[in-house]
Amino acid sequence: MSTPVSLRKRVLSGMRPTGKLHLGNYMGALHNWVRLQDSYDCYFFIADIHALTTDYADPSQIAANTREVILDYLAAGLDPARSVLFVQSHVKQHFELPLLLGMITPLGWLERVPTYKEQQENLAGKDLTTYGFLGYPVLMSSDILLYQADFVPVGQDQVAHVELTREVARRFNQFYKRADGSEILPEPQVLLTPSPKLPGTDGRKMSKSYGNTILLSDPEPEIRAKIKPMVTDPARIRRKDPGNPDKCPVGDLHKIFSTQETIAKVYEGCTTAGIGCIECKTWAADAIVSTLAPIQERRVKFEQNPALVSDILADGARRATARAEQTMQEVRSAMGLGSNPGAKVSQAAPNV
Ligand code: TRP
Ligand code: SF4
């Protein structure tokens, strides 16, 4: 049963435009977002401004990557009839609120965010001693607070950012209130996405930075070719050695993508050496191929219709802007910034 539209709580989440999405992005986020559309008022966006916090020196990939991510969003089943789907930079309020929230955010809060130092170390090739990179969490807080979101579905790695968002909202609400004394920025809650352990093709966690991904858009032969050489339970040296699917990344794939029936066959066959790893991998590939089939079918339709995708994004930007502007009017006024008295006049006279 879905919740009546008028009573729905608001959900917002986004991803950085990293290029074509992989199975890890799907299982860790998108798959969950698709389900949330049944019960929440959903806003999903692509955080292209965020990409500049680390890639400012070479932004040449941002636009193309943004395009790939929107195609993957739509392919995965995010539905513009039920969700507002948009690109962050299309909604100008995303440039405005971070400046204002920056006024009240203590530097110490930002320096304490665990990803700040970690990322500077991980991305040692990039100079991240910038104001923009330190301000990343303010940018993210603004993304959330602009829509007065109730819930933010994210993985464990983003929980600290949502916690900071709550602190920023609390501080804002201490300084400023509506005329009637009520609070302008509600504190969002994390909606933790349970993410199963999804191994990449080298057995480590699937991640773009490890180069071990299976893309949502990989053609079937590519998926099969990526799974074939995967490492298995090291106890199965020879075909006659029994193994344990719980100690095998291919076993992990089965647990996520295969039917109960196949999983039972895998346990039985693996532990008795009744099946070989090659056969077992074929079944895992079958399961992934059939999970991805409807996604790839939708992707092709959207790829072939760029005008439709542009319309979806234009509509999303319009709806997101309308919602964000409501918040901004309250924020500006609470922070002592008036509305431009000339604004109405120039709107009424579009020819000047
Ligand atoms: N920081 C998130 C990530 O790297 C992406 C993101 C930006 C986000 N703004 C957001 C997620 C707002 C949730 C809500 O994955
Ligand atoms: Fe892994 Fe399957 Fe081989 Fe068992 S049979 S070790 S689960 S690949």
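Both ligands and their constituent atoms are indexed starting at 1 by order of listing.
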At what distance is the nearest protein heavy atom to [atom], and which residue and atom is it?
{"atom": "atom 5 (C) of ligand 1", "answer": "G14 O, 3.6 Å"}
{"atom": "atom 2 (Fe) of ligand 2", "answer": "C280 SG, 2.3 Å"}
{"atom": "atom 1 (Fe) of ligand 2", "answer": "C248 SG, 2.3 Å"}
{"atom": "atom 1 (N) of ligand 1", "answer": "Y136 OH, 2.6 Å"}
{"atom": "atom 3 (Fe) of ligand 2", "answer": "C277 SG, 2.3 Å"}

Looking at [X], which atoms of ligand 1 are within less than 4.0 Å of one of its heavy atoms?
{"X": "F45", "value": "9 (N), 10 (C), 12 (C)"}
{"X": "V154", "value": "13 (C)"}
{"X": "R16", "value": "4 (O)"}
{"X": "V152", "value": "13 (C), 14 (C)"}
{"X": "Q158", "value": "1 (N), 2 (C), 3 (C), 4 (O), 15 (O)"}

Classify the side-chain pair [X]/[Y] by whether it contains a donor and acceptor separated by less than 3.5 Å.
{"X": "R178", "Y": "S182", "result": "yes"}
{"X": "Q189", "Y": "R166", "result": "no"}
{"X": "H161", "Y": "T115", "result": "yes"}
{"X": "Y267", "Y": "D246", "result": "yes"}

Heavy atoms only: which of D157, L145, T53, L12 lies closest to atom 14 (C) of ligand 1?
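Nearest heavy atom to atom 14 (C) of ligand 1 lies in L12.
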With a sphere of 6.0 Å drawn around [atom1] of [X], does it hold more than 12 non-hydrogen atoms of other residues, nucleotides or ligands?
{"X": "I278", "atom1": "CD1", "value": "no"}
{"X": "K197", "atom1": "NZ", "value": "no"}
{"X": "E261", "atom1": "CD", "value": "no"}

R236 heavy atom under 4.0 Å from ligand 2
yes
Where's the contact between V250 and ligand 2, heavy-atom distance under 4.0 Å: side chain, backbone, both or neither?
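Contact part for V250 vs ligand 2: side chain (C-beta onward).
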Taking only heavy atoms of D233 into account, list the atoms of ligand 2 that are under 4.0 Å away from them.
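By the 4.0 Å cutoff, the relevant atoms are 6 (S).
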Which ligand 2 atoms does P245 reach within 4.0 Å, using its non-hydrogen atoms?
7 (S)
Can you confirm, on distance only, whether ligand 1 has an N/O atom lying under 3.5 Å from any N/O atom belonging to D143?
yes
Are K117 and E111 close enough for a salt bridge, meaning some N to O gap below 4.0 Å?
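Salt bridge absent between K117 and E111.
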Tell me whether D72 is salt-bridged to K20, with the criterion being a basic N under 4.0 Å from an acidic carboxylate O.
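No.
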For ligand 1, is any non-hydrogen atom under 4.0 Å from I144's backbone (N, CA, C, O), its side chain (CB onward), both, or neither?
side chain
Under 2.8 Å from atom 2 (Fe) of ligand 2, is there any N, O or S atom belonging to C270?
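Looking at C270, which is the residue asked about, there is no N, O or S atom under 2.8 Å from atom 2 (Fe) of ligand 2.
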Ring-ring centroid check Y147 F86, cutoff 6.0 Å
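Centroid distance Y147-F86: below 6.0 Å, so yes.
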Interatomic distance, F45 atom CZ to L12 atom CG [nearest 0.5 angstrom]:
5.5 Å
